[in-house]
J.: 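Before I ask anything, let me first share the structure, which is written out below as structure tokens.
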2 protein chains.
Amino acid sequence: MSSDRALSLLSRAPIFQNAREDDLLPLAALGHFSSLSRGQHLFQAGQPIESLYVVASGSVRVYRLARGGRRELTLHVEGPRQLVAGVAAFQSRAVYPAHAQALQTPTEMLALPVDAVREEVFNTPTLAQAVIGYFARRQAELLGRLDSLVFSELGERLAAYLLDHAADAPHALPTNSELAALLGTVPEIVSRKLGEFYRLGLIVLERRTVRVCDAAELARLAGSLEEGTTRKAGR
Amino acid sequence: MSSDRALSLLSRAPIFQNAREDDLLPLAALGHFSSLSRGQHLFQAGQPIESLYVVASGSVRVYRLARGGRRELTLHVEGPRQLVAGVAAFQSRAVYPAHAQALQTPTEMLALPVDAVREEVFNTPTLAQAVIGYFARRQAELLGRLDSLVFSELGERLAAYLLDHAADAPHALPTNSELAALLGTVPEIVSRKLGEFYRLGLIVLERRTVRVCDAAELARLAGSLEEGTTRKAGR
DNA sequence: CGTCAACTTGATTTTGCTCAACTACGGTGG
DNA sequence: CCACCGTAGTTGAGCAAAATCAAGTTGACG
């Protein structure tokens, strides 16, 4: 039965990890699964908000457009058990503030009606607490994005990305366009910078799979942010 | 008695607007007021979080530093009844993620111990609801900052600022350094752009007071974001 | 084998940053 | 009352990063 699957997914989602299964039952009963293929949209910015989603399998990219679609910025990429549109669901605004698109070919999503979720969260203190913690974490992440985008230049952001994703194991790179959206730039520049890192012997590229050779040097390139935050405070 | 003042401030703070006064009493009793003069720090990034604050009078700027202090980015400017460090208080991280500094010469703050606030919020469903709503709004604002910083260039951001603050009544500009921190750039560029707008007849400047003359043209300059979001969706 | 999308690369332009000089204004103390 | 100083503002010159435009190249797939 589909609501069994919904329940088991919900109870393992980080956002609901403190809830008793009983409290999740009504939500699980209201949820329904859907499946998307790569590139399909879960929702688009400006559509009225009806559901929030939990990723069951695959992954979803949440992004915003600008300059008439010429540029895009990826806000999050969410994998299994993660929430999509979780924050938007609790805003008074009635429309999604961003686009969401499946990245893999089957990407299965559990849709939950926002009203039911809101009611359930507000009536279950442990859930409310979990949601508050989740939002706070989310905001911390966003602040990090914000100042890396404002303060550091592309080389630093790319180096940080590589360290994050390919430090230990080799890593299959997304397309340059996706990388560009993640880093807040355009594909050409990503191509150039990757080429530069390769020529410097910092990374090895083979059929879109990247391996870090000189992690220390990459860290140095990525690191100008760290220095700033290490400064000792004083009044 | 000081806790009367605390109570009246708390009960009128937007974040607590749904709470009964009874629920706020214990917080009011634990809070204490302090006074800062312009430039003094309420806290610095990296200090352990002990309190969150409600502005009683004056205003406070929350900002981050980078490049060893050469650049700064103002995240929020909060006036009376607004919260400072409200989100940070609910993160598990133990230190403030940004700096906070008084902008006016008496700036009075009510400090509340984070533990007490957390407990109170988690035990009072209406408060939890208010906090969730507040966090969601906050995140929406941050997303707006994010994409204006990533997608639009300085002229657009400055035009948007002017429309926001000086569209109707004349407006006393902050110093160029403060404006630069708000817009994510350096004072020189602000000076140049303001001069440019003046030469184009879009604004009038007189002793650091600005008045908008040609709102329509400013809106056009600020507006390249709007166009993007108006596009019709379709796949 | 043809086509399409992604990637690469070069040339050019724009934007913003940095450095440095210079001006205007508001005190302060002689 | 005036010389002095410090801060904020303005402006110019040079430079670096990134965006843009425009070819080419490669590779996957039908």
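Just so we're on the same page: letters track the sequence lines, and every chain starts at 1. Quick caveat: nothing in here was measured; it's all calculated off a predicted structure.
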J.: Can you give me the closest heavy-atom contact between Ala88(A) and Ile49(A), atom names plus distance?
T.: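 Distance-wise, the nearest heavy atoms are O-CD1, 3.6 Å.
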J.: Please report the distance, rounded to the nearest Å, between CD1 in Ile189(A) and P in dA19(D).
T.: 5 Å
J.: Using side-chain contact (heavy atoms from CB on, under 4.5 Å) as the criterion, list what pairs up with Val117(B), not counting sequence neighbours.
T.: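 Counting only residues at least two positions away or on another chain, Val117(B) forms a side-chain contact (heavy atoms from CB on, under 4.5 Å) with Leu27(B), Leu52(B), Phe90(B), Leu112(B), Val121(B).
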J.: So how far off straight is the helix from dC1(C)-dG30(D) to dG30(C)-dC1(D), going by the axes through five pairs at either end, to 10°?
T.: 20°
J.: Is the phosphate of dA19(D), meaning OP1 or OP2, less than 4.0 Å from a side-chain N or O of Thr185(A)?
T.: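 Yes, Thr185(A) has a side-chain N/O under 4.0 Å of OP1/OP2 on dA19(D).
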J.: Rounded to the nearest Å, what distance is computed from the CD atom of residue Glu196(B) to the P atom of nucleotide dG9(D)?
T.: 18 Å
J.: Could you pull out the closest heavy-atom pair between Leu73(B) and Gly184(B), with the gap in Å?
T.: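 Taking every non-hydrogen atom into account, CD1-CA, 3.8 Å.
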J.: What are the two closest heavy atoms between Leu221(A) and Ala159(A), and how far apart are they?
T.: CB-CB, 4.2 Å
J.: Suppose we screen for ring pair (Phe, Tyr, Trp, His ring centres under 6.0 Å). Which residues come up paired with Tyr96(A), at least two apart in sequence or across chains?
T.: Phe43(A)
J.: For residues 187-196 of chain B, run the donor-acceptor check on the side chains, cut-off 3.5 Å, and write out each pair with its distance to 0.1 Å, sequence neighbours left out.
T.:
none

J.: Can you list everything that forms a side-chain hydrogen bond (donor to acceptor under 3.5 Å, both in side chains) with Glu78(A)? Sequence neighbours excluded, please.
T.: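 For Glu78(A) the side-chain hydrogen bond (donor to acceptor under 3.5 Å, both in side chains) partners, ignoring immediate neighbours, are Arg138(A).
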J.: Which nucleotides of nucleotides 23-30 of chain D have their base under 4.0 Å from a protein heavy atom (B), which only their sugar-phosphate (S), and which neither (-), written as one string 5' to 3'?
T.: -----S--
J.: Establish, from distance only, whether the side-chain atoms of Arg61(B) and Gln101(B) form a donor-acceptor pair under 3.5 Å.
T.: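 Judged by distance alone, the side chains do pair up.
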J.: CD of Glu178(B) versus C1' of dG9(D): gap in Å, rounded?
T.: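 Between C1' of dG9(D) and CD of Glu178(B): 14 Å.
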J.: Can you name the side-chain contact (heavy atoms from CB on, under 4.5 Å) partners of Ser37(B), sequence neighbours left out?
T.: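 With neighbours one apart ignored, the set is Gln40(B), Thr105(B).
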J.: Taking for each residue the nucleotide of DNA chain D with the nearest heavy atom, is it Leu154(A) or Leu194(B) whose nucleotide lies nearer the 5' end?
T.: Leu194(B)
J.: When the distance from NZ of Lys193(A) to P of dA17(D) is rounded to whole Å, what number comes out?
T.: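 So the two atoms are 7 Å apart, to the nearest Å.
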J.: Could you list the donor-acceptor pairs under 3.5 angstrom formed between side-chain atoms of residues 205-212 of chain A and any protein atom two or more places apart in sequence or on another chain?
T.:
| unit_1 | atom_1 | unit_2 | atom_2 | d |
| --- | --- | --- | --- | --- |
| Arg208(A) | NH1 | Pro174(A) | O | 2.8 |
| Arg208(A) | NH1 | Asn176(A) | OD1 | 3.2 |
| Arg208(A) | NH2 | Asn176(A) | OD1 | 2.9 |

J.: Using a cutoff of under 3.5 Å, can you pull out all pairs of nitrogen or oxygen atoms linking the protein to nucleotides 13-15 of chain D, with atom names and distances?
T.:
| unit_1 | atom_1 | unit_2 | atom_2 | d |
| --- | --- | --- | --- | --- |
| dA13(D) | N6 | Arg192(B) | NH2 | 3.3 |

J.: Given that Asn176(B) and Arg71(A) both sit by DNA chain D, which one's nearest nucleotide is further toward the 5' end?
T.: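 Counting from the 5' end, the first nearest nucleotide belongs to Asn176(B).
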J.: Answer yes or no: is there an ion pair linking Glu153(B) with Arg71(A), defined by an N-O contact shorter than 4.0 Å?
T.: no
J.: Rounded to whole Å, how long is the line connecting atom CZ of Phe151(A) with atom P of dA17(D)?
T.: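 Rounding to the nearest Å, CZ of Phe151(A) and P of dA17(D) are 18 Å apart.
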J.: Tyr198(B) OH to dT10(D) P: how many Å, rounded?
T.: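 So the OH-P distance, Tyr198(B) to dT10(D), works out to 12 Å.
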J.: Need two values: the first and the last nucleotide of DNA chain C, 5' to 3', having an atom under 4.0 Å from any heavy-atom of chain A.
T.: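 Here the contact window of chain A covers dC7(C) to dA11(C).
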J.: Do Phe197(B) and Leu218(B) have side-chain heavy atoms sitting under 4.5 Å apart?
T.: yes
J.: For Leu182(A), enumerate each residue passing the side-chain contact (heavy atoms from CB on, under 4.5 Å) test, keeping only those at least two apart in sequence or located in another chain.
T.: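 Thr74(A), Val77(A), Tyr161(A).
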J.: Using side-chain contact (heavy atoms from CB on, under 4.5 Å) as the criterion, list what pairs up with Ser34(B), not counting sequence neighbours.
T.: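 For Ser34(B) the side-chain contact (heavy atoms from CB on, under 4.5 Å) partners, ignoring immediate neighbours, are Met109(B).
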J.: Report the distance from atom CZ of Arg70(A) to atom C1' of dT20(D), rounded to the nearest whole Å.
T.: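 The answer, rounded to whole Å, is 8 Å.
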